[in-house]
Amino acid sequence: MAQQQQVPSPIDVDVAVLRDAIRAEYAAVASDPSSGFHFHTGHALTRIVGYHPSWLEGIPETAVASFAGTGNPFSLGVLQPGERVVDVGSGGGIDSLIAARMVGAGGQVVGVDMTPAMLDRARRAADEMGATAVEFREGYMETLPVPDGWADVVISNGVLNLTPDKGKALGEMARVLKPTGRLQIGDITIDKPVPEAAKQEIDLWTG
Amino acid sequence: MVEAAGFTDFEITWRAEVFDGAPQASSAAAFGTKGINFRARKR
């Protein structure tokens, strides 16, 4: 398990408590993805966010069923053979495995996630697929376990909204990218402001 | 915020209702939450 770190938060929320709640939520998704959450999952969600069916061919059900993103990073640009990709909050591995196939044997994909149950699921899916250009590392989006300037592309899907320090997470994404490297992100936006007091309610972050 | 983190050419390309009809009720509707795609390039 990744070491708990003191991450300064610009929002007054207990980061350790928040992370525990998020881990519990996504461990439940990893354990039983079809049990019904406040977000869509799996194949139904891939259709909502516009994943091309060809991207899913050969991707193990282990990874597809636990998909819980909010957008479509691949709609923002095709990954090229040989590229290095970091998938921030890789969950059950669907986006990392799609990326691994796009970049091919000459490329590399590193998926980072803080939920052990999701990492287990992603590694199992990679084994089922025989994907050798992808590895999954335990870590936090605010302290990515990736060297400076390593990646051509950073992708992420439905994860950035889960940190109270989005500036720090975005700074980490910039750090691991090469100069002119691409950021391709699915996430959420809100039309109505969240009251300051509500930002401290852990349940609102996870549901 | 994205540009302050070291990026340029920030662009939101897509917004959609991605929580509608989810199995459990959520706070998404109360805040007008939508799924988005955005891209940028490191400076």
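By convention in this document, chain letters (A, B, ...) are assigned in the order of the sequence lines, proteins followed by strands, and residues within each chain are numbered from 1.
- Within the 4.5 angstrom heavy-atom criterion, only backbone atoms of B/Asp20 (N, CA, C, O) approach chain A.
- Using a 4.5 Å cut-off between heavy atoms, B/Phe19 touches chain A through backbone and side chain atoms alike.
- Classified by interplanar angle (parallel below 30°, tilted 30° to 60°, perpendicular above 60°), the ring pair A/Trp55/A/Tyr51 is perpendicular.
- By the 4.0 Å N-to-carboxylate-O rule, A/Arg182 lies too far from A/Asp152 to be salt-bridged with it.
- The contact between A/Leu160 and chain B is made entirely by side chain atoms (from C-beta outward), counting heavy-atom distances below 4.5 Å.
- Contacts of B/Thr33 with chain A are made by both backbone and side-chain atoms, with heavy-atom separations under 4.5 Å.
- Using a 4.5 Å cut-off between heavy atoms, B/Ala40 contacts chain A through both its backbone and its side chain.
- Atom CG in A/Leu170 sits 10.0 Å away from atom CE in A/Met141 (nearest 0.5 Å).
- There is no side-chain donor-acceptor pair under 3.5 Å between A/Thr62 and A/Arg124.
- Options A/Val153, A/Val154, A/Asn72 differ in how many heavy-atom pairs under 4.5 Å they form with chain B, and the most are formed by A/Asn72.
- Contact annotation: the side chain of A/His38 approaches that of A/Glu25 to within less than 4.5 Å [non-hydrogen atoms, C-beta and beyond].
- Annotation: maximal heavy-atom pairing with chain B below 4.5 Å, among A/Thr70, A/Leu177, A/Thr180, A/Ile48, occurs at A/Thr180.
- For the residue pair A/Asp187/A/Asn161, the side-chain donor-acceptor check at 3.5 Å is satisfied.
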